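Just so it is clear, the model here is predicted, and its values are computed rather than measured. Index from 1, following the sequence. Computation of the quantities below employed the complete heavy-atom set of this structure, encompassing side-chain atoms and omitting hydrogens, waters and symmetry-equivalent molecules.
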Amino acid sequence: MTGRGRSAATTGAWSAPAAASAAEWIAPAGDTWYRPAPPPVDLAGGLAVGWAARMAGRYRLVPDGSVELLWLDTGAVWLCGPETTAWQTDLLRPVEAVGIRFRPGQAAAALRLDVAELRDRRVTVDDVFGARFARRLADQLDTARDPSARLDLLHGTARGWLAEAAEPDPVAATVAGLLGADPATSVTELADEAGRSGRQLHRRCQAAFGYGPATLRRILRLQRFLALARRTDAGLATLAVLAGYTDQPHLSRDCRQIAGVSPAVLVGARPAPLAPAGR
């Protein structure tokens, strides 16, 4: 992996709770809070959301195509890559966390790395940016007065990265825009709009999003379904069509393959609060 700090990174031991999809947690009842916040105006193009959470219990973490930077009260700072399938974590004690999530396709330019190298991985920040940077950031976060101050520190870190970011890949921007508007857009349509062959499109999407356009559209389509399910009482068949699936069986297959459970189970659990509008 190449990034701003080191030429290579190793997978950190993952012993603490975090996710690439904090706003999509299917959260347990009990001692849990989650506070999403829109990013500052100058960061809205690069970041989707910031959040603070106090977590306890079991969580199902559903992919959303994003890269996330987060702090845990263990003192660790993690960079979480885009996931391809959901995973669960069980927290035996309350854990406090603060994080920021990049919009799909934005982390590659900001962090100057091939996001595919982070796919399904969670690495400590020092593995990517070096021990000195990681130690300084961790010390600042550990001694910050409250979650709001920690979130300000993460925003400041992202602000520096985005200010020095390479020019975003226009192909990735086209794909993100089209799938954001309609996650049912076909890969052929994406390639045509981007003016690239299917192979070229796949390679550019791998670098920007961590996986090819077909996987990205499946993940964003499932996220569209989850968002709709939180906002309406419509049945699964209706939600499936509104989200861009051919029919309810199509939704069920994708949901089981990505989330590991049926759509009914996924939306039947108590959902975490919504991310801010416009995410």
Asker: Is there a donor-acceptor pair under 3.5 Å between the side chain of Arg101 and the backbone N or O of Val49?
Answerer: no
Asker: Taking side chain to side chain contact (heavy atoms under 4.5 Å, CB included) as the criterion, tell me which of Leu154, Leu47, Leu43 meets it with Arg159.
Answerer: Leu43
Asker: For residues 129-139, tabulate all N or O donor-acceptor pairs below 3.5 Å that involve a side-chain atom, not counting sequence neighbours.
Answerer:
none

Asker: Could you give me the CA-CA distance, side-chain angles and deciding distance for Gln206 and Arg203, then say whether side-chain contact (heavy atoms from CB on, under 4.5 Å) is met?
Answerer: CA-CA 5 Å; Gln206 284 266 26; Arg203 183 172 63 250; 5.7 Å; no
Asker: Considering the options Leu70, Leu151, Val98, which one meets the side chain to side chain contact (heavy atoms under 4.5 Å, CB included) requirement together with Trp51?
Answerer: Leu70
Asker: Donor-acceptor pair, distance only, cut-off 3.5 Å: does the side chain of Arg119 make one with the backbone of Gly81?
Answerer: no
Asker: Are Leu251 and Val241 linked, directly or through intermediate hydrophobic residues, by side-chain heavy-atom contacts shorter than 4.5 Å (ILVMFWY only)?
Answerer: no
Asker: Will you find, in the side chains of Asp126 and Thr124, an N or O donor that is under 3.5 Å from an N or O acceptor?
Answerer: yes
Asker: Of all the heavy-atom pairs spanning Leu190 and Pro213, show the shortest one and how long it is.
Answerer: CD1-CB, 4.0 Å
Asker: Between Ile100 and Thr157, is there a side-chain heavy-atom distance shorter than 4.5 Å?
Answerer: no
Asker: Determine yes or no for a side-chain-to-main-chain donor-acceptor pair under 3.5 angstrom, with Arg103 supplying the side chain and Ala44 the backbone.
Answerer: yes
Asker: Within the distance-only criterion (no hydrogens, no angle test), does the side chain of Tyr245 pair as donor or acceptor with the backbone N or O of Ala237 below 3.5 angstrom?
Answerer: no
Asker: Step by step, work out the side-chain contact (heavy atoms from CB on, under 4.5 Å) result for Leu153 and Trp71.
Answerer: CA-CA 10 Å; Leu153 285 168; Trp71 168 89; over 6 Å; no
Asker: Just by modelled atom types, is the Leu222 backbone N or O under 3.5 Å from a matching donor or acceptor in the Asp254 side chain?
Answerer: no
Asker: How long is the straight-line distance from CZ of Arg217 back to CG of Asp182, given to the nearest 0.5 Å?
Answerer: 8.5 Å
Asker: How close do Pro147 and Arg35 get, heavy atom to heavy atom, and via which atoms?
Answerer: CB-NH2, 4.0 Å
Asker: Do the side chains of Glu68 and Arg122 get close enough for a salt bridge, i.e. N-O under 4.0 angstrom?
Answerer: no
